**Q** 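Let me begin by handing over the structure; questions about it come next.
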Protein chains: 2
Amino acid sequence: MKDRMTPAVRMTGHTQRGQCAKRMSILDAAADVFCRQGFAGASIDEIAAVACVSRQTIYNHYREKETLFVAVVEDVMNRANAMLFSVLSTFPDRADNMEDELTAFAVRLNKNCICNHDGKFLRKLVQTEGERYPHLFESWRQQGPGKLTTALSALFARLAHKGALTIEDFDVAARQFVALGNADLQMMILLGGTPTDEELEKAARNAVHTFLKAYGRLEAEEADHPPQLAAISG
Amino acid sequence: MKDRMTPAVRMTGHTQRGQCAKRMSILDAAADVFCRQGFAGASIDEIAAVACVSRQTIYNHYREKETLFVAVVEDVMNRANAMLFSVLSTFPDRADNMEDELTAFAVRLNKNCICNHDGKFLRKLVQTEGERYPHLFESWRQQGPGKLTTALSALFARLAHKGALTIEDFDVAARQFVALGNADLQMMILLGGTPTDEELEKAARNAVHTFLKAYGRLEAEEADHPPQLAAISG
DNA sequence: GTAAAACTAGACGCCATTGTCTAAAACGTC
DNA sequence: GACGTTTTAGACAATGGCGTCTAGTTTTAC
């Protein structure tokens, strides 16, 4: 009696018809309203209005407000995890032109996983309703930020083994990479704003520049010098 | 339901008497409930119960729910700003033992300004109600994180002029210092947890270690070399 | 001690919201 | 065209919170 149907899968660009479209419309509208008003402040009527759907339709699909909320969170979580996985697969694996490639990766990560719609939604909801639904966001914590750190850590280890980086603790470096990438955007992230492409680019460049000063093998112009930074870390 | 029936006591530990005590008790209780439930989810009755005060007393002091909310936010903001100012005044100004002193400062900053009660409250409320009360949190944005970055930037500039650091952009370095300091605590901060002293110490040490690898003058063992990092920045 | 001020407890009207119910309408399929 | 399903609009009771009011009690001030 729970849900005999598989959760709705969104096919972008192709407008689906029928009840499936209704379900997605409701989910999107509910995500919008829940994000703006929080769980307590969101009203079913407003969600129905935004979704261009009768209130009763919402109650037909999702038994009550809480069921709808859980469905919305899981839907957004799935999208966000898929996007994170996709972005992680573009991590540079070559040692040449490290600075530019890492910068481009940081831009992708910030733009598509952290500053995008779903990222803002999840961060906001985790803070506001995280205590009330611990089980709900636990999987996000593990599959979202947890996976990000673990995966980045492994990727940095690979780069270090290739000799492109000099890293003592890969987990710490992974967290610091993410933190540095957000350093210039923290305020905007907190206020829910969306950075421009220029701001994303600049933030990533600042972050990678500092990251490589701390962890990078000096390349190109310092090729004649022995790597000084290795002396510190070693 | 909730077992928070003891009247709230201010930081001093000295229970004041009279209406002033009531006002503070109400402010503390309201901060607690607003933080947990958000503005919409918080009920005056619960605040009254937590404050051990009649509901009517709240309406006597603060005309309506919104007035109370604004008073609470301003109260917490004032405390947080005073604390931030106090911590900033302990920034190290000597170049010797830079790593330990910066680490201790980072611990103080994280412990007393970012991970403490007021810091969590403000971050949460800014995210949830920031859009609804832009004017209210604008001053926080300027006097809180804004002041932090500006002040840290100036302090780093002073250290750089003394030759203790090699920094190109002081504002960027200030933001990165804060970001690195939070790198290991991000998850806990997001979930509203409170780090232990050991975690604070370790996070600060990791942060400063990396910060000095990127910006620090190489000391002691590299004293004979001219500063190599300046070659990159220049 | 007394008077004013503050506090309490409870009841009250008002309004918004939730979730149910019903009858009508739209939709798709055969 | 007939039929079953889905959607719609509106009415409906029930709940709960906000803000007011009142009557009675406590605290403070003089």
Side-chain angles (χ1 to χ4, degrees), chain A residues 1-8 14-30 32-72 128-129 132-133, chain B residues 1-2 4-9 14-30 32-72 128-129 132-133:
Chain A
M1 61 173 115
K2 284 291 179 182
D3 48 355
R4 59 249 158 127
M5 303 187 63
T6 56
H14 169 242
T15 50
Q16 286 186 286
R17 325 242 353 195
Q19 56 180 0
C20 193
K22 297 273 181 195
R23 284 184 84 96
M24 297 197 313
S25 176
I26 293 170
L27 282 180
D28 285 340
D32 177 55
V33 177
F34 277 136
C35 189
R36 276 190 290 108
Q37 319 267 23
F39 180 79
S43 89
I44 300 285
D45 286 295
E46 184 176 356
I47 295 173
V50 173
C52 292
V53 149
S54 159
R55 184 178 65 246
Q56 184 61 31
T57 302
I58 295 182
Y59 283 108
N60 286 343
H61 285 278
Y62 309 92
R63 190 167 40 82
E64 57 187 0
K65 194 182 179 183
E66 188 151 332
T67 315
L68 172 61
F69 179 73
V70 172
V72 167
T128 58
E129 320 290 346
R132 209 182 313 276
Y133 305 88
Chain B
M1 287 271 191
K2 305 290 180 185
R4 294 184 124 280
M5 288 310 177
T6 51
V9 179
H14 164 247
T15 49
Q16 284 185 282
R17 322 250 347 202
Q19 57 180 358
C20 191
K22 297 274 181 194
R23 283 185 85 94
M24 297 197 313
S25 176
I26 293 171
L27 281 181
D28 285 341
D32 178 56
V33 177
F34 278 136
C35 189
R36 276 190 289 110
Q37 319 268 23
F39 180 79
S43 88
I44 300 285
D45 287 294
E46 184 176 355
I47 294 173
V50 173
C52 292
V53 149
S54 160
R55 184 178 63 248
Q56 184 59 34
T57 301
I58 295 182
Y59 284 107
N60 286 342
H61 284 279
Y62 310 93
R63 192 166 39 81
E64 58 187 359
K65 195 182 180 182
E66 187 151 331
T67 315
L68 172 61
F69 179 73
V70 171
V72 167
T128 58
E129 321 289 346
R132 209 182 311 276
Y133 305 88

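Numbered from 1 within each chain, the chains take letters A, B, ... in sequence-line order. Nothing here was measured: the structure is a model prediction, and the numbers come from that model. Keep in mind that the numbers below use all heavy atoms, side chains included, and drop hydrogens, waters and symmetry copies.
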**Q** Please check if the side chain of S25(B) supplies one atom and the backbone of A51(B) the other of a donor-acceptor pair under 3.5 Å.
**A** yes
**Q** So, does T57(A) get its side chain near the phosphate of dT8(D), meaning an N or O under 4.0 Å from OP1 or OP2?
**A** yes
**Q** Quick one: list whatever passes side-chain hydrogen bond (donor to acceptor under 3.5 Å, both in side chains) with Q56(A), sequence neighbours left out.
**A** N60(A)
**Q** For side chain to side chain contact (heavy atoms under 4.5 Å, CB included), just list the numbers for F34(B) and T128(B), CA-CA rounded to whole Å, side-chain angles, deciding distance to a tenth of an Å, and then say yes or no.
**A** CA-CA 10 Å; F34(B) 278 136; T128(B) 58; over 6 Å; no
**Q** Please identify which of these residues, R36(A), R55(A), K65(A), meets the salt bridge (charged side-chain N to carboxylate O under 4.0 Å, His left out) condition with E46(A).
**A** R36(A)
**Q** Just how far, in rounded Å, is C1' of dT8(D) from CD1 of I47(A)?
**A** 18 Å
**Q** Do I44(A) and Y59(A) have side chains that get closer than 4.5 Å, going by heavy atoms?
**A** yes
**Q** Is H61(A) near enough to dT7(D) that one of its side-chain N or O atoms lies under 4.0 angstrom from OP1 or OP2?
**A** yes
**Q** Quick check: do R132(B) and Q37(A) have side-chain heavy atoms less than 4.5 Å from each other?
**A** yes
**Q** Given I26(B), which partner from the list L68(B), V72(B), V50(B) fulfils the side chain to side chain contact (heavy atoms under 4.5 Å, CB included) test?
**A** L68(B)
**Q** For dC27(C) and K22(A) - does any side-chain N or O of the residue sit under 4.0 Å from the phosphate oxygens OP1/OP2?
**A** no
**Q** So for the helix from dG1(C)-dC30(D) to dC30(C)-dG1(D), with five pairs setting each end axis, what is the inter-axis angle to 10°?
**A** 30°
**Q** For Q37(B) and dG17(D), what is the distance between atoms CD and P respectively, to the nearest whole Å?
**A** 10 Å
**Q** Protein within reach of the bases, or only the backbone? For nucleotides 17-23 of chain C, mark each nucleotide 5' to 3' as B, S or -, using heavy atoms under 4.0 Å.
**A** -BBBB--
**Q** Output the rounded distance in Å from CG (L68(B)) to P (dG17(D)).
**A** 16 Å
**Q** Once you measure the plane-to-plane angle for F69(A) and Y133(A), does it fall in the parallel (<30°), tilted (30-60°) or perpendicular (>60°) bin?
**A** tilted
